[in-house]
Amino acid sequence: MKKVTILLLLHICLLTYSQNKSLKKNDYLNLQDKARSYLYIDIDSSFYFATEIEKSSSPIHQSFANGIKGYIFQLKNDTLNSKKHLSIAYDLINTVPDSKEKSLTTSYLLNYDGLIEWKKNNLTSALKKYQEGKKISESINDIVQTVKFNANIGLINKTIKNYDIAISTFKKSLQLVNQNFELFPKEEINSMISNIHLNISNCYERKFQENKDEKKIDLALYHTQKALQYTRNNGLLKVRSLTSLGNIYFLKDDYINSKKAYQSALIIAKEIGMLADYNTLLCNLGHINYYYKKEKEALIYFTKVDSLYQAEDSNLTEEYVLSNYYLAKIYNILGKKEEASKYSKKYLDNYESMAVKEIKETLDINNTLNNQKLQQEMIEINNQYQREKIIKIIALIISFIMLLVLILYFKKQNNLRIQNAKQSAEKFQLEAEKTKSKNIALLNEIEDFKKQQKPKNTVVIDSEKENQIVAKLLTLEKKEVFLNPDFTQQFVAKKIKTNTAYISHVVNKRFGKTFSEYANDLKINYAIHQMETNPVYRKYSTQAIAESVGFKSAISFRKSFTKKTGFSPTQFLKNIENKKAKNFNNSKE
C-alpha cells in the first residue's frame, strides 16, 4: 500500500513539474500546428491542444494558447469567454521583451482578434486588426501570416461588394502560397488553398447575380470544386464549399442538386456545432423550397431558424429577419392571416435596423481604406521633406567653399526648391479636397439608399378595393388637397378611411411611384401650371411658391422642381418671361 502511495505521489509531482516546464521549440510548433489544423475539423481537439500549450511556463506559449481559445469560444458563440481569453493573451504578450517571437505571436493574436470581430459582424474593427497584424508580419518577413491577412482583407472587400478587388487579392494570395509552398505547415496548406478557392468562387457567384454572365457562374463552379478537393477533413470548409455548391446549382436552376448539397452541409454543420452556418443553411433550404412553390417544406426550415434565434437570444441576424419575411408570406399563402400578420410585424420591426447597420459598416470600412491611403501619402511627403532637408544642408556646406557666383546660383536653386515644395503642398491640398468631396458624395448616396430601402411589399388587396382607393385619390387631386403641407400617407389614409400600407401599394402599382414621389409630382405640376398661366404667381419668390404648393422647405422644393424639369424655379420663370416677350414682339410685327 505504501509503495502504491509513493508511486502516486511521484506521478503527481512529475505531472506538476511537466505542467510548469517550458515547451521545447519543436514541441511548441507541433502543438501549435495541431491546434490550428483542428480548428475547423474538431473544435474540441483544437481546444485540447491549446490547453496543452497553455501548460508551458513560457508567457509567449500561454499567450498564443489563450488567443486561439478566444477564437474557439467565439466560434461557439460564447462571447464572454472569448473576450476573457483574448484579454489574458494580450496581457501575457505585453510582459515579454521585444523580439521576433513576440512580434510573431502578436500578429497571431491580431489575426484571431480580427476573426472574432468578423464573427461578431464588426467588419470595420476586424479590418483594422488585420491591417495592424499585416504590418507586423511584413516587418518580420512572415510570408505565411501575410498570406492569411491578405485573405482576410479580401474577405472584407468581398463582404462590402468590392468583388474585383477581392478576387485580385485572393489570386495574389494563391500565387504567393504556390511560390512558397514549403513554408506553410502541412496541416494547414490544404485548408488554406481550399479557403482561397472558395472565396474566389463566392465573388464570381455574386458577380453573376449582378449581370447574369454565364462565364462568371462557370468560374464559380470551377473554384468551388477545387475548394472541395482540398477540404480533406476540414469540417467548416466542407460546410462552406457545399453551401457554395448549393448556391451555384440553385442559380443554374437545378433544384435536386442544390437541395442535396445544402442538406449534406447541414448535417456536417450540426455535427461540428457551427450554429451560424447551420442557420444559414436552414434559410437556404427554406428559400429554395419556397422558390419552387414547396411552401410546407419551406415552412419547416424557416420556423426552425426563428426558433433557434429565440432560444439563443443572440444578436439580430440576417437569417432571422429573412425567416420572418418568408414566414409572413407562407402563412399568408396558406390563409393563416393572424400568423402572417405576426411575422410581418416582426420583419418590419427588425428590417430597418439591419439595413442601417449594414450601410454604416460599409461606409466605415471604405473610410478606413481611404484613411490608410492618405496615411501612406503623408509618409511619402514626410520622406520627401527629409530628403530635401539633407540636400539643403549639403548645399549650405558647399556654398561656404564656393565662389560668390556659385553662392548666388545655389540661392536661386534653393528658391526653386521652395517653390516646388509649395506646389507639392498645394497639390496635396487639392487631393485632400477631392477625397473630402468623394466622402460627401458617398454620404449622400448612403442617405439616398436609406431613403429608398423599404421592406418588400407583402400587401394583398383585391382589384375592387384598389379601384376605390384610386378613385378617392383622384378626387383628392381634383380638390387640390395635395397643396396641404401635411399631405402624407397618414393624412391621406385618414382622409379616405384606409391604411398607409394599402395607399403605398396602390400608388406604387397604379402610378409606378412611391407616395413621396407621387405627392411631389402633384405639387410640382401645380406650380408649373400656375407659373405658365398666372402672371401674379410668376412674381412670387421661390420660398412663396414652395409654401403655396405645400413644401415646408424652399431647398426641398427647388431640388424636386429641378429634378423634374431640368431647370431651377428661377430659370423656369425666366424662360417663361422670355417666351412671353418673344411672342409679344412677334405679334407686334
Quick one: does NZ or CZ of [X] land under 6.0 Å from the six-membered ring centre of [Y], within 45 degrees of the ring axis?
X    : Y    : answer
R510 : Y518 : no
K215 : F208 : no
K337 : Y331 : no

| field | Basic-acidic side-chain contact under 4.0 Å: E339, K342 | value |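 So E339 pairs with K342 through a salt bridge.
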| message | Can you tell whether the side chains of E117 and K129 come within less than 4.0 Å, N to carboxylate O? | response |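 No, this pair does not count.
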Proximity of [X] and [Y] rings by center, below 6.0 Å:
X    : Y    : result
Y222 : Y204 : no
Y262 : Y249 : no
H287 : F250 : yes

| Partner residues of K495 under the salt bridge (charged side-chain N to carboxylate O under 4.0 Å, His left out) criterion, sequence neighbours left out |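 Counting only residues at least two positions away or on another chain, K495 forms no salt bridge (charged side-chain N to carboxylate O under 4.0 Å, His left out).
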| task | Kindly write out the residues that satisfy salt bridge (charged side-chain N to carboxylate O under 4.0 Å, His left out) with K76, not counting sequence neighbours, or none if the list is empty. | result |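 Once residues adjacent in sequence are excluded, the partners of K76 under the salt bridge (charged side-chain N to carboxylate O under 4.0 Å, His left out) criterion are D44.
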| field | Residue pairs, two or more places apart or on separate chains, that pass salt bridge (Lys or Arg N to Asp or Glu O under 4.0 Å) and touch residues 251-261 | value |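 Those involving residues 251-261 are D218-K252, K259-E297.
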| query | side-chain hydrogen bond (donor to acceptor under 3.5 Å, both in side chains) with N199: which of R240, H223, K158? | reply |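 With N199 as partner, side-chain hydrogen bond (donor to acceptor under 3.5 Å, both in side chains) holds for just one option, K158.
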| request: Return the orientation label for the Y325 and Y347 ring planes: parallel under 30°, perpendicular over 60°, tilted otherwise. | output: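 The rings of Y325 and Y347 sit tilted, inter-plane angle from 30° to 60°.
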